[in-house]
J.: 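Take this structure first; my questions come after.
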Number of protein chains: 2
Amino acid sequence: MAKKPEIPHVVVSRLPIYLRALEHARQEGLTCISSQELGERLSISSAQIRKDLSMFGEYGKQGRGYPVDALIHALRQHLHVDRVWDVVLVGVGDLGHALARYKGFAERGFRIAMAFDKDPAKIGTTAGDLTVEDIRLLARRVQEAGIKIGMIATPAAAAQEVANLLVFAGVRAILNYAPIHLTVPNDVRVEYLDPVIPLQRMTYYL
Amino acid sequence: MAKKPEIPHVVVSRLPIYLRALEHARQEGLTCISSQELGERLSISSAQIRKDLSMFGEYGKQGRGYPVDALIHALRQHLHVDRVWDVVLVGVGDLGHALARYKGFAERGFRIAMAFDKDPAKIGTTAGDLTVEDIRLLARRVQEAGIKIGMIATPAAAAQEVANLLVFAGVRAILNYAPIHLTVPNDVRVEYLDPVIPLQRMTYYL
DNA sequence: GCCGGCTTGTGCAAATTTGCACAAGGAGAC
DNA sequence: GTCTCCTTGTGCAAATTTGCACAAGCCGGC
């Protein structure tokens with residue numbers, strides 16, 4: 001299943017956006033949606049959407065558009081979110097707490113299964129419905145649970161070290177809230193969510 | 001000052017990343033850094049970095065690299081973060097609180113100047129060092145203060161309405177944490193920070 | 001002053017990504 | 001059944017983005 005060569009990453013990166021929009025459309029009661037309608041909702045050209053979706057199969061019906069339910073199902077399969085992924089959270093400050101309590105993860109296929117911190121004052125306290133554990137236990141706990149996804153919500157100074165630990169524990173995908181670039185092995189993916197970066201991208205145009 | 005035609009957005013979008021890395025380098029005491037060194041730190045090719053930077057002027061010195069201080073200064077100017085931007089926060093739930101208390105904004109040129117919510121139970125309470133105000137006062141307050149940047153941390157259902165309100169109040173750049181695409185006029189920029197999107201981008205490869 | 005070692009800035013080519021435009025095909029009206 | 005309307009999937013061309021490779025240039029050592 002060599003996927004990278006087949007599907008360019010730009011396309012993959014748009015799929016979750018399509019999925020989210022389709023789920024909104026379904027909630028509105030739509031059963032079928034055209035690439036044009038979807039494109040207008042997302043400010044993406046309809047040709048782009050058709051070409052992207054055609055890489056995974058012919059889900060559309062000429063004259064009607066795409067059946068919403070079937071397409072949601074197909075996208076979930078391709079994105080591997082037709083299951084629930086356990087996630088490990090590291091760093092339980094303000095942001096970590098907000099993440100632990102955020103309902104949006106569970107609704108869309110992710111479950112924060114464990115939370116770690118290195119501050120003794122935090123260990124043993126609760127975050128959402130989790131008990132914060134000692135980061136020294138992370139490797140074993142994550143390994144045993146087979147968790148593949150980590151979220152880093154620590155200060156920048158600790159982030160690289162935490163990343164190393166996560167990789168060591170078997171994590172293959174990291175969502176990094178800390179404002180720093182992480183260096184990881186090639187087979188580990190990182191996505192960044194430093195809020196200042198998008199702000200600075202916008203001020204360029206102001 | 002027609003900037004869009006001159007500098008492609010892909011380039012602009014990398015500048016804040018460079019800036020952040022340069023600030024880290026400076027903290028380490030580096031006064032000069034080569035495109036290769038910077039590229040290795042960011043997993044970006046050195047040619048890419050040289051080409052990006054060359055669009056703004058010739059800051060580099062052959063044989064040595066780029067002077068860190070001068071380049072930071074120049075990037076800040078081009079990104080318009082050589083000043084402090086006031087930001088208005090809408091939605092003071094868990095996430096909104098975390099944002100209001102986050103120190104990283106102030107350190108890098110942004111100040112959350114006001115916070116609004118529509119829940120009467122929250123209005124008047126504090127978030128960080130702000131007092132939460134009634135969203136019905138938003139338009140006037142934001143307009144008077146001349147605030148151009150907004151952050152939306154409300155549930156998805158309210159986000160579009162809030163965006164409309166912000167635009168009406170004169171906001172020209174929106175950072176949207178709600179998991180929904182926003183439709184705004186062409187001269188308004190939006191950046192998205194729904195954490196589930198990057199997670200789903202990564203599970204494709206797991 | 002001259003030489004060797006690095007690094008920049010950039011012309012050019014390759015690769016990737018987007019968008020146009022249309023043949024093919026399904027659905028409903030009558 | 002036939003006709004009309006609408007939308008998909010895609011070949012091809014255009015536009016954008018990346019990367020190579022090298023001349024030009026600065027620095028420190030001798």
Side-chain angles (χ1 to χ4, degrees), chain A residues 2-18 21-22 25 30-75 78 186 201 204, chain B residues 2-18 21-22 25 30-75 78 186 201 204:
Chain A
K3 278 181 170 173
K4 260 212 253 172
E6 293 169 10
I7 312 286
H9 182 67
V10 259
V11 175
V12 172
S13 75
R14 279 189 293 261
L15 297 183
I17 312 262
Y18 298 160
L22 287 165
L30 273 127
T31 60
C32 212
I33 190 168
S34 70
S35 59
Q36 186 165 59
E37 165 75 9
L38 191 57
E40 278 165 15
R41 289 175 177 230
L42 294 175
S43 315
I44 295 179
S45 84
S46 62
Q48 180 90 88
I49 290 174
R50 288 200 299 280
K51 192 158 266 185
D52 286 352
L53 296 180
S54 75
M55 304 191 111
F56 296 94
E58 311 204 344
Y59 297 105
K61 286 177 184 166
Q62 280 148 333
R64 316 276 308 147
Y66 296 86
V68 173
D69 266 325
L71 189 51
I72 287 175
H73 190 72
L75 283 180
H78 289 297
N186 278 328
R201 278 178 185 155
Y204 176 83
Chain B
K3 278 182 171 171
K4 258 213 256 169
E6 293 169 9
I7 313 286
H9 182 67
V10 260
V11 175
V12 172
S13 74
R14 279 189 294 261
L15 297 183
I17 312 261
Y18 299 159
L22 288 164
L30 276 146
T31 60
C32 210
I33 189 167
S34 70
S35 61
Q36 186 164 60
E37 165 75 8
L38 192 56
E40 278 164 16
R41 289 176 177 228
L42 294 176
S43 316
I44 294 180
S45 85
S46 62
Q48 180 89 88
I49 291 175
R50 286 200 300 281
K51 193 159 268 188
D52 286 352
L53 295 180
S54 75
M55 303 191 111
F56 296 94
E58 311 203 345
Y59 296 106
K61 285 178 186 166
Q62 280 145 333
R64 317 271 316 146
Y66 296 85
V68 173
D69 266 326
L71 190 50
I72 287 175
H73 189 72
L75 283 180
H78 288 297
N186 279 327
R201 276 176 187 157
Y204 176 83

J.: Rounded to the nearest angstrom, tell me the gap between atom CD1 in A:I44 and atom P in C:dT18.
T.: 9 Å
J.: Provide, to the nearest angstrom, the distance between the CG atom belonging to A:L53 and the C1' atom belonging to D:dT10.
T.: 14 Å
J.: Within the structure, does a side-chain N or O atom of A:S35 lie under 4.0 Å from either OP1 or OP2 of D:dT7?
T.: no
J.: To check you understand the geometry: which heavy-atom pair defines the closest contact between B:C32 and B:V68, and what is its length?
T.: N-CG2, 3.6 Å
J.: Name every residue in residues 55-67 of chain B that has at least one heavy atom under 4.0 Å from any atom of DNA chain C, in order of residue number, or write none if there are no such residues.
T.: B:E58, B:Y59, B:G60, B:K61, B:Q62, B:G63, B:R64, B:G65, B:Y66
J.: Figure out the NE2/C1' separation between B:H9 and C:dT18, and round it to whole Å.
T.: 16 Å
J.: Can you tell me the distance, in whole Å, between the CD atom of B:Q48 and the C1' atom of C:dT10?
T.: 14 Å
J.: Between A:Q36 (CD) and D:dT8 (P), how many Å, whole number?
T.: 8 Å
J.: Please report, rounded to the nearest Å, how far the C1' atom of C:dT7 is from the CG atom of B:L38.
T.: 14 Å
J.: Could you list the residues that satisfy salt bridge (Lys or Arg N to Asp or Glu O under 4.0 Å) with B:R201, not counting sequence neighbours?
T.: none
J.: What is the distance, to the nearest angstrom, from the CD1 atom on B:I49 to the P atom on D:dC20?
T.: 14 Å
J.: Taking for each residue the nucleotide of DNA chain D bearing the nearest heavy atom, is the 5' side occupied by B:S45 or by A:R50?
T.: A:R50
J.: If you measure from CD on B:Q48 to OH on B:Y18, what distance do you get to the nearest 0.5 Å?
T.: 5.0 Å
J.: If you take all heavy atoms of B:Y66 and B:L71, which pair is closest and at what distance?
T.: CB-CD2, 3.7 Å
J.: To the closest 0.5 Å, what do you measure between CD (B:E40) and OG (B:S46)?
T.: 8.5 Å
J.: How many angstroms lie between atom CD1 of B:I49 and atom CD1 of B:I17, to the nearest 0.5 angstrom?
T.: 10.5 Å
J.: Please give, in whole Å, the distance from C:dT18 C1' to A:L42 CG?
T.: 17 Å
J.: Pair B:I7, B:H78 - check side-chain contact (heavy atoms from CB on, under 4.5 Å), show working.
T.: CA-CA 11 Å; B:I7 313 286; B:H78 288 297; over 6 Å; no
J.: Identify which one of A:I44, A:V12, A:V11 satisfies the side chain to side chain contact (heavy atoms under 4.5 Å, CB included) criterion when paired with A:D52.
T.: A:V11
J.: Quick one: CD on B:E58 to CZ on B:R50, what's the gap to the nearest 0.5 Å?
T.: 13.0 Å
J.: Quick one: which protein N/O atoms are closer than 3.5 Å to N/O atoms of nucleotides 12-16 of chain D? Pair and distance per line, please.
T.:
unit_1 : atom_1 : unit_2 : atom_2 : d
D:dC12 : N4     : A:K51  : NZ     : 3.3

